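These numbers come from a predicted model, not from an experiment. When a ligand or atom number is given, it counts from 1 through the structure's own listing order.
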Amino acid sequence: MEYIEVTGGNPLRGSIRPAAAKNSVLPLLAATLLCAQPCTLRRVPLLRDVQTSLDLLRAVGSGAAWAGQDLVTQPARQISGRVPTALAGAMRGSVFYLAPLLTRAGWAELPLPGGCRLGPRPIDIHLAGLTAMGAQVCAAAECVVLRRHGVLRGTDFALRLPSVGATLTLMLAACCAAGVTTLRGAACEPEIADTAAFLNACGAKITGAGTPVVCIRGTGGELLDGCVHTVLPDRIAAATYAAAAIAGGRVTVTQCSPVWLAAFLDFLQGSGCEVARGENEFSITRDQDTKLRGGQELVAAAYPGLATDTAPLAAAVLLGAEGASRIYDGLFQNRFACAQGFAALGADARSEGRLLYLGGSAKLHGATVTAPDLRGGAALVLAGLGVGEGSCVRVLDAGHIRRGYADLAGDLRRLGADCRAGRTGTEAGRQTKKL
Ligand code: EPZ
């Protein structure tokens, strides 16, 4: 089993550039199925979800190859509409293949997508939008099966809530449909504007992406071209490095606009960190001897609100802060499964449904804890930066973390943390050999 181990006490110093955003790269790789020419995505991190996407592309008849840190996709002549169960279940991002497979193969068969268990994650909005475009839902229980008869057609569709995934699905479906699609109540996350920028560079005609009303003029069945695209930086990884301020010191995040994580930086500032914002970089400074301020009531919401993916990171910052805090997640019912790990480290932390309660002023100590999901796991690693000098936190099941960070332990180590990644199986194996 993979783990990450952190020993507390080291202040962090240095600068770091986030890799390309996971939540852009995943829909972009699916979008390349709509392209008749090769596409290059720049500086893509080798995340587990990226590897799953590459396996999935290959399974449906397409493919991509690494050229250094770039990924170059090869257009496919023939596409199968079937996503293998293991790949669908390995990540939520498998849902992004519904629309491209339906467009290319005329049918799509997607066993239910996996991903972090953050509570119910239905895909009814994806399906309602695709149905409005003329798709037929043949099955939707254990495995979603869609078919189309003729080219999908443009429609005027209001999303019942601003789902990121559904906005992306419907944008992808509309690119090669016949006529104009208008999406109302669309999600506004930066990854949606980034996906639209990629599609437009490939010849799509999308306006308004990043606002609640998105208009897409379809090609009427023609495929798109290819392009070279520099993916948006990962704002959640950037927030993770910023939250490393728990350890004290000064961290500069480069090549990343502070606007993309403004709500999180405002939170850090409100907690007593010094935040210096430039045009395309920002620095967080924290004096190790000054207590952070708790007593906060945070609400995670859709962009530009405090991102749900940063809510566990904010919690890690608040564990030792002075005063009790509460964080409410408006998007997911089970965002704070990491509360158990926080408590094992000595924090007064408990989650009740969507709400996380933090007593504050915790004197954290070392322990072995388990990553419940991707961001909860990253938050436990961050909490480890705040334990007393010499104490050690071991986060088990760190495979979750590698779904979204290529090398979180290495990133933090380069900033000065005493942090490393390992595998329990390997160590046990080595010990057996010695004996
Ligand atoms: C994306 O998930 C991200 N995942 C998540 O990142 C992120 O937390 C989330 O957006 C919100 O920003 C990927 O991009 C792969 P939603 P997604 O559809 O698309 C409900 C991470 O750690 N809903 O905006 O699944 C849903 O249940 C991950 O990187 C429906 O009811 O999020 C949830 O309560 C975790 N019906 C809310 O909407 C639907 O058809 C928001 O979900 C779709 C969604």
Side-chain angles (χ1 to χ4, degrees), residues 18-31 45 47-50 52-53 56 88 90-99 110 112-132 137 140 144 157-172 183 185-192 194-195 231-232 234-240 260-261 263-264 300-313 329-338 353-354 371-379 400-405 408:
K22 167 180 87 75
N23 290 347
S24 268
V25 171
L26 301 187
L28 292 181
L29 284 172
L47 307 173
R48 233 173 66 181
D49 278 7
V50 169
T52 304
S53 302
L56 206 162
M91 61 170 187
R92 176 71 178 178
S94 55
V95 77
F96 300 134
Y97 288 79
L98 262 185
L110 178 77
L112 284 186
C116 292
R117 286 197 285 271
L118 306 173
R121 296 180 78 178
I123 58 168
D124 58 299
I125 307 173
H126 304 240
L127 298 183
L130 291 171
T131 306
V137 181
V144 178
F157 184 77
L159 283 77
R160 125 179 117 68
L161 54 86
S163 155
V164 174
T167 303
L168 289 165
T169 288
L170 300 178
M171 218 164 72
L172 294 178
L183 302 177
C188 301
E189 270 66 5
E191 292 74 17
I192 288 165
D194 191 44
T195 305
V231 186
L232 179 89
D234 196 317
R235 64 195 163 100
I236 310 299
T240 311
W260 290 321
L261 58 156
F264 190 77
Y303 189 81
L306 184 78
T308 170
D309 293 340
T310 64
L313 313 176
D329 193 298
L331 276 83
F332 293 111
Q333 284 178 23
N334 186 31
R335 174 49 93 180
F336 299 113
C338 52
R354 292 171 179 271
D373 51 53
L374 163 54
R375 307 302 171 186
H400 284 299
I401 300 173
R402 271 209 309 115
R403 290 194 30 237
Y405 304 82
L408 182 58

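- Within the 3.5 Å criterion, the main-chain N or O of Arg117 finds no donor-acceptor partner in the side chain of Asp373.
- Within ligand 1, counting atoms from 1 as listed, the ones closer than 4.0 Å to a heavy atom of Arg335 are 8 (O).
- In terms of modelled atom types and a separation under 3.5 Å, the side chain of Arg335 and the main chain of Ala311 share no donor-acceptor contact.
- For the pair Arg160 (side chain) and Asp124 (backbone), a donor-acceptor distance under 3.5 Å is absent.
- Residue contacts with ligand 1, taken as heavy atom pairs separated by less than 4.0 Å, involve Thr308 solely via side-chain atoms from C-beta onward.
- Neither the backbone nor the side chain of Gln333 comes within contact range of ligand 1; no heavy atom lies under 4.0 Å.
- Contacts between Arg121 and ligand 1 below 4.0 angstrom, taking non-hydrogen atoms only, involve backbone and side chain alike.
- Atom numbering of ligand 1 starts at 1 in the shown order; those under 4.0 Å from a heavy atom of Asp309 are 5 (C), 6 (O), 7 (C), 8 (O), 21 (C), 22 (O), 28 (C), 29 (O), 35 (C).
- When non-hydrogen atoms are compared, ligand 1 lies under 4.0 Å from neither the backbone nor the side chain of His400.
- One option in Val164, Asn23, Asp234, Leu161 has a heavy atom closer to atom 20 (C) of ligand 1 than any other, and that option is Leu161.
- Per-residue contacts place His126 under 4.0 angstrom from the following atoms of ligand 1 (heavy atoms of the residue considered): 40 (O).
- Closest to atom 31 (O) of ligand 1 among all protein heavy atoms lies Arg160 NH2, 3.0 Å.
- Although no hydrogens or angles enter the test, the distance criterion places no donor-acceptor pair under 3.5 Å between the side chain of Ser24 and the main chain of Leu232.
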Inset, instruction - With side-chain contact (heavy atoms from CB on, under 4.5 Å) as the test, would you mind laying out the steps for Tyr405 and Leu374 before giving the verdict? - result: CA-CA 9 Å; Tyr405 304 82; Leu374 163 54; 3.6 Å; yes
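- Within the 4.0 Å heavy-atom criterion, neither part of Pro27 lies near ligand 1.
- The protein atom (non-hydrogen) at minimum distance from atom 41 (C) of ligand 1 is Leu331 CD2, 3.9 Å.
- Salt bridge Arg235/Glu191: present, at least one basic N to carboxylate O contact under 4.0 Å.
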Inset, instruction - Could you walk me through whether Ile123 and Val144 pass the side-chain contact (heavy atoms from CB on, under 4.5 Å) test, one step at a time? - result: CA-CA 10 Å; Ile123 58 168; Val144 178; 3.7 Å; yes
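- With respect to atom 40 (O) of ligand 1, the closest heavy atom belonging to the protein is Ile125 N, 2.8 Å.
- If you check which protein heavy atom lies closest to atom 18 (O) of ligand 1, you get Ser163 OG, 2.6 Å.
- Heavy-atom proximity to Ile123, at under 4.0 Å, picks out these atoms of ligand 1: 39 (C), 40 (O).
- Contact annotation for Glu191 and ligand 1: no heavy atom of the residue comes within less than 4.0 Å of the ligand.
- Short contacts between ligand 1 and Arg375, defined as distances under 4.0 Å to a heavy atom of the residue, involve ligand atoms 21 (C), 22 (O), 29 (O).
- The atoms of ligand 1 that sit less than 4.0 Å from any heavy atom of Lys22 are 21 (C), 29 (O).
- Only side-chain heavy atoms of Leu374 come within less than 4.0 Å of ligand 1; its backbone N, CA, C and O stay farther off.
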Legend entry - Derivation and outcome, side-chain contact (heavy atoms from CB on, under 4.5 Å), residues Leu28 and Asp194: CA-CA 9 Å; Leu28 292 181; Asp194 191 44; 4.2 Å; yes
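- Distance from atom 42 (O) of ligand 1 to its nearest protein heavy atom, with residue and atom name: Phe332 CZ, 3.9 Å.
- At a 3.5 angstrom cut-off on N or O pairs, Phe96 does not count as close to ligand 1.
- Side-chain atoms of Arg354 come within 3.5 Å of backbone atoms of Asp329 as a donor-acceptor pair (strictly under, hydrogens ignored).
- Shown in contact with Arg92 at under 4.0 Å from a heavy atom are these atoms of ligand 1, numbered in order with element: 25 (O).
- Not a single heavy atom of Gly404 sits less than 4.0 Å from an atom of ligand 1.
- Looking from atom 39 (C) of ligand 1 to the surrounding protein, the closest heavy atom is Pro122 O, 3.0 Å.
- Checking Pro120, Ala301, Gly376 against atom 26 (C) of ligand 1, the nearest heavy atom belongs to Pro120.
- The side chain to side chain contact (heavy atoms under 4.5 Å, CB included) test with Tyr97 singles out one residue from Thr169, Leu56, Leu26, Leu172, and that residue is Leu56.
- When heavy-atom distances to ligand 1 are checked against a 4.0 Å cut-off, Ala166 has no atom that comes that close, whether in backbone or side chain.
- Taking a cut-off of under 4.0 Å to the non-hydrogen atoms of Gly165, the atoms of ligand 1 that pass are 18 (O), 19 (O).
- Only the side chain of Leu118 comes within 4.0 Å of ligand 1, judged by heavy-atom distances.
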